[in-house]
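For reference, the structure discussed in these notes is given below.
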Amino acid sequence: MAPARHRCATALLAAQATALAPFHHAAVKCRDIERSMKFYSLFGLEEECRFRSGAARCAWLTGAATRLELIEVPSYVNATAAPDGLVEE
């Protein structure tokens, strides 16, 4: 087994590598996509594109090496229902 100082150094290097690991984007579910886009524009994020995914309205925002996906899911969609997510009334 490696001495304690080597184990600590290895753990530190692993933690730093994990902290610096790049990721593609973060996604945020919101109630009002227009309002959310205005909010994130305060942080310098700009609209890249808008699209639909099923019943959801979505938008990509980018800026300062950040990519954020906003997802507005209508209230009639139940994410736990299968397969199409629509709530039966």
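- Summarising the geometry, atom OH belonging to Y40 is positioned 14.5 Å from atom OG1 belonging to T62; distances are rounded to the nearest 0.5 Å.
- Put simply, CE on M37 and CZ on R50 are 4.0 Å apart, with the number rounded to the nearest 0.5 Å.
- Taking every heavy atom of both residues into account, L70 and I33 meet most closely at O-CD1, 3.9 Å.
- Atom CD in E72 sits 13.0 Å away from atom OG in S53 (nearest 0.5 Å).
- Atom CD of E48 is surrounded by more than 12 heavy atoms from other residues, nucleotides or ligands within 6.0 Å.
- Between R57 and R52, some side-chain heavy-atom pair lies under the 4.5 Å cut-off.
- Closest non-hydrogen pair, V73 versus A56, comes out as CG2-CB, 4.2 Å.
- Within the 4.5 Å cutoff, side-chain heavy atoms of L61 are placed close to those of E47.
- Under the 4.5 Å side-chain heavy-atom criterion for Ile, Leu, Val, Met, Phe, Trp and Tyr, V28 and F43 are members of the same hydrophobic cluster.
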